[in-house]
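Accompanying notes for the structure given below.
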Amino acid sequence: QVQLVESGGGLVQAGGSLRLSCAASGRTFSNYVMGWFRQAPGKEREFVAFIRGNAGTTYYSDSVKGRFTISRDSAKNTVFLQMNSLKPEDTAVYYCAASQEMYSSATSYYRPQVYDYWGQGTQVTVSS
């Protein structure tokens with residue numbers, strides 16, 4: 001079992017920044033692909049970014065590429081999402097997720113179905 005706890009959400013003005021954290025406990029952190037998703041009211045859960053492998057290879061959705069950065073501190077079992085140049089359309093509940101599935105195709109990890117564990121979510125609200 002893996003437990004994930006997000007923190008760092010809040011209210012910010014457009015153009016501002018927030019840093020989300022996801023603390024993982026349980027099994028070996030480095031064995032998992034770690035992802036961030038978000039869900040706005042009335043919309044489906046949407047892929048944001050993920051990080052995998054010893055090299056920490058990262059992937060981003062087109063909507064956040066160049067503005068968000070995913071990173072991890074393996075010693076602290078924590079994944080981060082640095083969000084810059086925030087826009088009102090970034091408003092959503094942000095979820096951290098862990099996948100123990102091994103896929104060669106990176107796009108497989110864009111699907112929430114491949115993730116085994118989820119955090120409770122943290123609200124991010126961007127005002128215009």
Side-chain angles (χ1 to χ4, degrees):
Q1 278 284 7
V2 173
Q3 292 79 41
L4 303 173
V5 179
E6 302 99 333
S7 61
L11 173 65
V12 64
Q13 288 189 333
S17 298
L18 281 175
R19 189 192 196 204
L20 305 184
S21 299
C22 172
S25 61
R27 305 179 74 175
T28 306
F29 177 75
S30 60
N31 292 340
Y32 291 85
V33 171
M34 300 299 298
W36 285 97
F37 287 76
R38 66 187 182 187
Q39 189 165 18
K43 294 188 176 182
E44 293 186 351
R45 194 162 294 190
E46 174 191 24
F47 166 74
V48 174
F50 79 83
I51 186 168
R52 70 172 176 179
N54 292 329
T57 307
T58 58
Y59 298 84
Y60 300 91
S61 69
D62 289 342
S63 61
V64 308
K65 197 174 298 182
R67 300 187 298 122
F68 290 12
T69 302
I70 186 172
S71 62
R72 68 185 180 197
D73 184 335
S74 296
K76 296 183 178 180
N77 279 4
T78 302
V79 176
F80 304 98
L81 185 68
Q82 178 66 44
M83 305 186 296
N84 298 330
S85 302
L86 282 161
K87 305 174 182 180
E89 51 264 43
D90 294 319
T91 295
V93 177
Y94 282 70
Y95 296 91
C96 174
S99 174
Q100 55 189 344
E101 305 297 331
M102 294 293 113
Y103 295 101
S104 57
S105 171
T107 56
S108 298
Y109 294 103
Y110 293 10
R111 299 183 295 124
Q113 295 89 335
V114 308
Y115 290 82
D116 305 290
Y117 305 100
W118 292 85
Q120 81 289 351
T122 185
Q123 177 70 47
V124 171
T125 303
V126 184
S127 64
S128 57

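We count residues from 1, following the sequence as given.
The side chain to side chain donor-acceptor pair (under 3.5 Å) test applied to Tyr115 returns no partner, not counting sequence neighbours. Contacts of Tyr59 classified as ring pair (Phe, Tyr, Trp, His ring centres under 6.0 Å), with partners at least two apart in sequence or in another chain: Phe50. Take Glu89 and apply the side chain to side chain contact (heavy atoms under 4.5 Å, CB included) test, not counting sequence neighbours, and it matches Lys87. Partners of Ser105 under the side chain to side chain donor-acceptor pair (under 3.5 Å) rule, at least two apart in sequence or in another chain, are Thr107. With sequence neighbours left out, the side chain to side chain donor-acceptor pair (under 3.5 Å) criterion links Ser85 to no other residue. Every residue two or more places apart in sequence or in another chain that forms a side chain to side chain contact (heavy atoms under 4.5 Å, CB included) with Ser7 is listed here: Ser21. With sequence neighbours left out, Thr125 forms a side chain to side chain donor-acceptor pair (under 3.5 Å) with Gln123.
Note that CE of Met83 and OG1 of Thr69 are 11.0 Å apart. Values are rounded to the nearest 0.5 Å. Here the CG-OH distance, from Leu81 to Tyr60, works out to 8.0 Å after rounding to the nearest 0.5 Å. Here the straight-line distance linking atom OH of Tyr110 with atom CD of Glu46 works out to 12.0 Å at 0.5 Å rounding. Of the inter-residue distances, the one linking Leu4 atom CG with Gln120 atom CD reads 9.0 Å to the nearest 0.5 angstrom. Ser61 contributes atom OG, which lies 10.0 Å from atom CZ of Phe37 (distance to the nearest 0.5 angstrom). Going from atom CE of Met34 over to atom OG of Ser71 covers 11.5 Å, rounded to the nearest 0.5 Å.
Residue pairs meeting the disulfide (SG to SG under 2.5 Å) criterion with at least one partner in residues 46-83, sequence neighbours excluded, are absent. Each disulfide (SG to SG under 2.5 Å) pair with one or both residues in residues 31-78, not counting sequence neighbours, would appear here, but there are none. For residues 67-99, no residue pair satisfies the ring-ring contact (aromatic ring centres under 6.0 Å, His included) rule, not counting sequence neighbours. Here salt bridge (charged side-chain N to carboxylate O under 4.0 Å, His left out) pairs that include residues 54-70, with residues two or more places apart or in two chains, are Asp62-Lys65, Arg67-Asp90. Sorted by first then second residue, the salt bridge (charged side-chain N to carboxylate O under 4.0 Å, His left out) pairs that include residues 101-116, not counting sequence neighbours, number zero.
Smallest separation of non-hydrogen atoms from Ser17 and Gln82: CB-NE2, 4.0 Å. Minimum heavy-atom separation, Leu11 to Ser127: CD1-CB, 4.4 Å. Shortest non-hydrogen contact noted between Ala14 and Ser128 is CB-CA, 4.4 Å.
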List the steps, then state whether side-chain contact (heavy atoms from CB on, under 4.5 Å) holds for Ser99 with Tyr32.
-> CA-CA 5 Å; Ser99 174; Tyr32 291 85; 5.8 Å; no
Start with the C-alpha distance between Arg45 and Trp118, add both sets of side-chain angles, then the distance that settles side-chain contact (heavy atoms from CB on, under 4.5 Å), and finish with yes or no.
-> CA-CA 12 Å; Arg45 194 162 294 190; Trp118 292 85; 3.3 Å; yes
side-chain contact (heavy atoms from CB on, under 4.5 Å) evaluation trace for Arg38 with Val64 = CA-CA 11 Å; Arg38 66 187 182 187; Val64 308; 3.9 Å; yes
Step by step, would you call Leu20 with Val124 a side-chain contact (heavy atoms from CB on, under 4.5 Å)?
-> CA-CA 9 Å; Leu20 305 184; Val124 171; 4.0 Å; yes
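Residue Tyr103 is grouped with residue Phe47 when hydrophobic side chains (ILVMFWY) are merged at heavy-atom distances under 4.5 angstrom, including chains of intermediate members.
With Thr122 contributing its side chain and Glu6 its backbone, the two residues share no donor-acceptor pair below 3.5 Å.
By the 6.0 Å contact criterion, CD on Gln13 is open, its count of non-hydrogen atoms from other residues, nucleotides or ligands being 12 or less.
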